[in-house]
Amino acid sequence: MNKEELIKLKEKIASLTEEEKKKRNLYLRNLSLGKIQGPLTGYASIDKPWLGEYNESAILEEPDKKSIYRFMFDNNKSNMNDIAIEYLSIEISYFDLRKIVDRISEILYINYQIREGDVVTLLMANIPQNTMLIYALNRIGAIANLVYLETKEDILINEINHVNSKMVFCTDLFLENIMAVRDKLVTKNIIVTSPSEYMPNFIKSLYFLKQNKIKPSSDYTLWNDFINQNYSIENELKESASEENCACILHTSGTTGDSKGVMISNSAFNNMVYEYANSGIDFKRKERFFNQVPPFLAYNIIMATHLPLTLGLRVVMYPNYEPENFAKNIAKYKINHAIAGPADWTNFLEIRNLKINKYKQLKTLASGSDKLSEENKEKIYKILGKNVIEGYGCTEGGSAVITNLPNVVKKNSVGVPLPLNNVGIFLEENGEIHELEYGEVGEICFTGPTIMLKYFDNEIETEKVMKKHTDGNTWIHTGDVGYINADGFLYFLGRMKRLIIRYDGQKVSPMNIENVVNKIDGIDNCCVVAGNDFLHGTGSVPIVYVSLKDGANNNDIEKAVLEKCKEKLTLKEQPYEVITIKEIPLTLVGKVDYRLLEKKYNEGIDVKIKKRVNKE
């Protein structure tokens, strides 16, 4: 099929009605299963060979068009006495959760005048209040702006002010960050809550031994004072959110280091639930779903909160991300389903005399955010007798886009597209976008009902990522490299982007660190690269290379870099090592050759590890 024929075919597909597209997908499914014979084009986005992995209902049906508040509670209306959230042994039923959510929404609507389309910032730990607030805001039609809770100074000011946030809800542990910039914020309505609010009394006492109790202040309102406010019922709240409205804003950084607000719709949340419910994973009401990662990630709020709650599962919420205790917590809380990162799953390999009988109830072992080695996957399978299911996605796709399935796991592959998604490998040349055939390496692109609406107030960056194709759909261009085989399995080969992916899946922008380091006296230039994290065995750490001005002292500079980064940057952005070199290498076109530095560092680490192993 030549270029012109391919374009005409895609244009023809684009002209089909929604009903005709469903019938075509059924035809492709039967073709993939060998039930019928017909021609294939050799292009993944047209042939969709992965459809044979799903049943007919996954292709034909779609979720109800509702807000996430309405979708979640309506799906549980016959089971409201079931437990929705378990938090350190405290249980909150669906009935009580709705009661609290409705009260919060009425306080926000009546006493704080929060309305449809307003934005409220949540700077929260992984605690029940965060979930309550997201659904309460959604009931009004307002938008939750989820910000990394350790964000500081200019970035924090920008992520609150840029969206014109009407209020800020903050966890007490990081109140200092908000107070440092309070006078520069567009809002002075700050509500302070604590992980201790819903803790059992004996744990609450231990918490306050480590953390001073926040005292009342005119600068902010404490959670208990907020939640116990009186309000008039004269201005009755009417649910405003629709499926296409934005439900939340999640922040992500690109190669420029500039924070971008990813706008995720109600529809994207609900379609993710639908796709996983029809993926072949055996979810049953009342089963336990482990939720432990920070709530400002799409992975948490969509995959580990809205998905299990909507399906009637019990969300076991844990306030701290502790990969070193992952295996212990899976056993302790009798978890049935867990979606985690490589650092979590490798924890099973670090425990001596692991008691396998404690993990018989574990049904779903899903891994994302970064690559889990095939060697470790095989070791985990030998221990637990179950496959770790890997997937692929990004915030702009609403979290997961592609996944291996419980009974369909391909070695070295991140899986097949979820049933309502379409994926292809593309090459962009001279302003034209061409799809590549099976096995050809190019940029991974996808489209589907879970993709973002846009970047908040950032048309330029939106247009770089969201592009209209000849099939009439808007596709996300990931900047990642891979290929798709004839069975529809995606093989991820690497990132075109320069982001540093930590062992826990959190992303770090080198530009943010470089902007701080380059302002230090005595530094001529710097470059931040991703060094292999041999301590955790997965992911990367920030390595800072600096070249000095004449007369600058190495030791003084290294100390200054670490101190300045500690002052200006979040914990995840702290350099692992500072290395002084004569000059920062440049490419032939005059750009910093970060790839060369990255290669040199990681080769050096590999040599050091080999020498250490040989000595042992």
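Ring planes of Trp345 and Phe348: parallel class, angle under 30° (limits at 30 and 60°). The aromatic rings of Phe456 and His162 lie perpendicular to each other, with more than 60° between the two planes, well past the 30° mark.
Taking every heavy atom of both residues into account, Leu173 and Pro195 meet most closely at CD1-CG, 4.3 Å. Among all heavy-atom pairs drawn from Cys246 and Cys248, the shortest one is SG-O, 3.2 Å. Of all heavy-atom pairs between Ile190 and Met179, the closest is CD1-CE, 3.8 Å. Annotation for Cys565 and Ile513: closest pair SG-CG2, 4.3 Å, computed over non-hydrogen atoms. Contact record, Gly341 with Ser367: C-OG, 3.8 Å, taken as the closest heavy-atom pair.
A donor and an acceptor atom, one from each side chain of Gln129 and Tyr198, are nowhere located under 3.5 Å apart. With hydrogens and angles left out, the side-chain atoms of Asp82 and Asn76 include no donor and acceptor closer than 3.5 Å. With hydrogens and angles left out, the side-chain atoms of Asn325 and Tyr318 include no donor and acceptor closer than 3.5 Å. With no hydrogens or angles considered, no side-chain donor-acceptor pair links Tyr220 and Asp225 at under 3.5 Å. Under the 3.5 Å distance criterion, with hydrogens and angles disregarded, a donor-acceptor pair is assigned to the side chains of Asn245 and Glu116. Checking Tyr231 against Glu106 by side-chain atom types alone, a donor-acceptor pair falls below 3.5 Å.
Tested against Lys66 for a side-chain hydrogen bond (donor to acceptor under 3.5 Å, both in side chains), the candidates Asn75, Asn266, Asp74 yield a single pass: Asp74. For the side-chain hydrogen bond (donor to acceptor under 3.5 Å, both in side chains) with Gln292, the lone residue among Asn329, Asn300, Asp344, Asn320 that qualifies is Asp344.
Checked by atom type and distance alone, the side chain of Asn228 pairs as donor or acceptor with a backbone atom of Asn224 at under 3.5 Å. Formation of a donor-acceptor pair under 3.5 Å by the Asp118 side chain with backbone atoms of Ala142 is not found in this model. Counting only distance, with no hydrogens or angles, the side chain of Tyr135 and the backbone of Ser105 share no donor-acceptor pair below 3.5 Å. In this structure, the side chain of Ser67 engages the main chain of Arg70 through a donor-acceptor pair within 3.5 Å. No donor-acceptor distance shorter than 3.5 angstrom exists from the side chain of Asn421 to the backbone of Gly448, with no hydrogens or angles considered. A distance-only check finds no donor-acceptor pair linking the side chain of Asn126 to the backbone of Pro294 [under 3.5 Å]. Asn336 places no side-chain N or O within donor-acceptor distance of the main-chain N or O of Lys363, the cut-off being under 3.5 Å. A distance-only check finds a donor-acceptor pair linking the side chain of Asn138 to the backbone of Ile68 [under 3.5 Å]. At least one donor-acceptor pair under 3.5 Å links the side chain of Gln574 to the backbone N or O of Leu569. A donor-acceptor contact shorter than 3.5 Å is absent between the side chain of Glu244 and the backbone of Ser267.
With a 4.5 Å cut-off on side-chain heavy atoms, Arg502 and Val508 count as touching. Contact check for Ile178 versus Leu156: side-chain heavy atoms found under the 4.5 Å cut-off. Side-chain contact check for Leu185 versus Asn161: some heavy-atom pair is nearer than 4.5 Å. Looking at Phe169 and Thr193, their side chains never come closer than 4.5 Å, going by heavy atoms from C-beta outward. Using a 4.5 Å cut-off on side-chain heavy atoms (C-beta onward), Met317 and Ile92 make no contact. Side-chain contact between Pro200 and Ile90 is present, with heavy atoms from C-beta onward closer than 4.5 Å. Side-chain contact check for Tyr503 versus Val541: every heavy-atom pair is 4.5 Å or farther apart.
With ring centers used as reference points, Phe296 lies 6.0 Å or more from His251. Residues Phe71 and Phe269 place their aromatic rings such that the two centres sit no closer than 6.0 Å. Here the two rings, on His337 and Phe283, have centers that are under 6.0 Å apart.
To the nearest 0.5 Å, the span separating CD1 on Ile451 from CD1 on Ile476 amounts to 4.5 Å. Here CD1 of Ile264 is found 8.5 Å from CE of Met272. Values are rounded to the nearest 0.5 Å. Separation of atoms NZ (Lys358) and CD1 (Ile335) is listed at 14.5 Å; rounding is to 0.5 Å. Expressed to the nearest 0.5 Å, how far CD1 of Ile143 lies from CG of Leu137 amounts to 9.5 Å.
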Candidate pair Gln506 and Tyr321, rule side-chain hydrogen bond (donor to acceptor under 3.5 Å, both in side chains), full reasoning:
CA-CA 11 Å; Gln506 293 191 52; Tyr321 177 64; over 6 Å; no
Please evaluate residues Thr305 and Asn130 with respect to the criterion side chain to side chain contact (heavy atoms under 4.5 Å, CB included), reporting the C-alpha separation (whole Å), side-chain torsions for both, the decisive distance (0.1 Å), and the verdict.
CA-CA 10 Å; Thr305 301; Asn130 189 75; over 6 Å; no
Side chain to side chain contact (heavy atoms under 4.5 Å, CB included) between Tyr274 and Thr450, intermediate numbers included
CA-CA 11 Å; Tyr274 172 84; Thr450 64; over 6 Å; no
If you apply the rule side chain to side chain contact (heavy atoms under 4.5 Å, CB included), what do you find for Asn164 with Val119, and how did you get there?
CA-CA 7 Å; Asn164 193 28; Val119 179; over 6 Å; no
Go through the steps to decide whether Lys564 and Glu567 satisfy the test salt bridge (Lys or Arg N to Asp or Glu O under 4.0 Å), and finish with yes or no.
CA-CA 5 Å; Lys564 184 61 69 173; Glu567 176 188 345; 3.6 Å; yes
Taking it one step at a time, do Asn177 and Thr151 satisfy side chain to side chain contact (heavy atoms under 4.5 Å, CB included)?
CA-CA 7 Å; Asn177 293 7; Thr151 302; over 6 Å; no
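Heavy-atom contacts from other residues, nucleotides or ligands closer than 6.0 Å to CZ of Phe95 number 12 or fewer.
By the 4.0 Å N-to-carboxylate-O rule, Glu91 lies close enough to Arg314 to be salt-bridged with it.
A cation-pi arrangement is present between Lys572 and Tyr148, with the terminal nitrogen or guanidinium carbon under 6.0 Å from the aromatic centre and inside a 45° cone about the axis. A cation-pi geometry, defined here as NZ or CZ lying under 6.0 Å from the six-membered ring centre and within 45° of its normal, holds between Arg115 and Tyr109.
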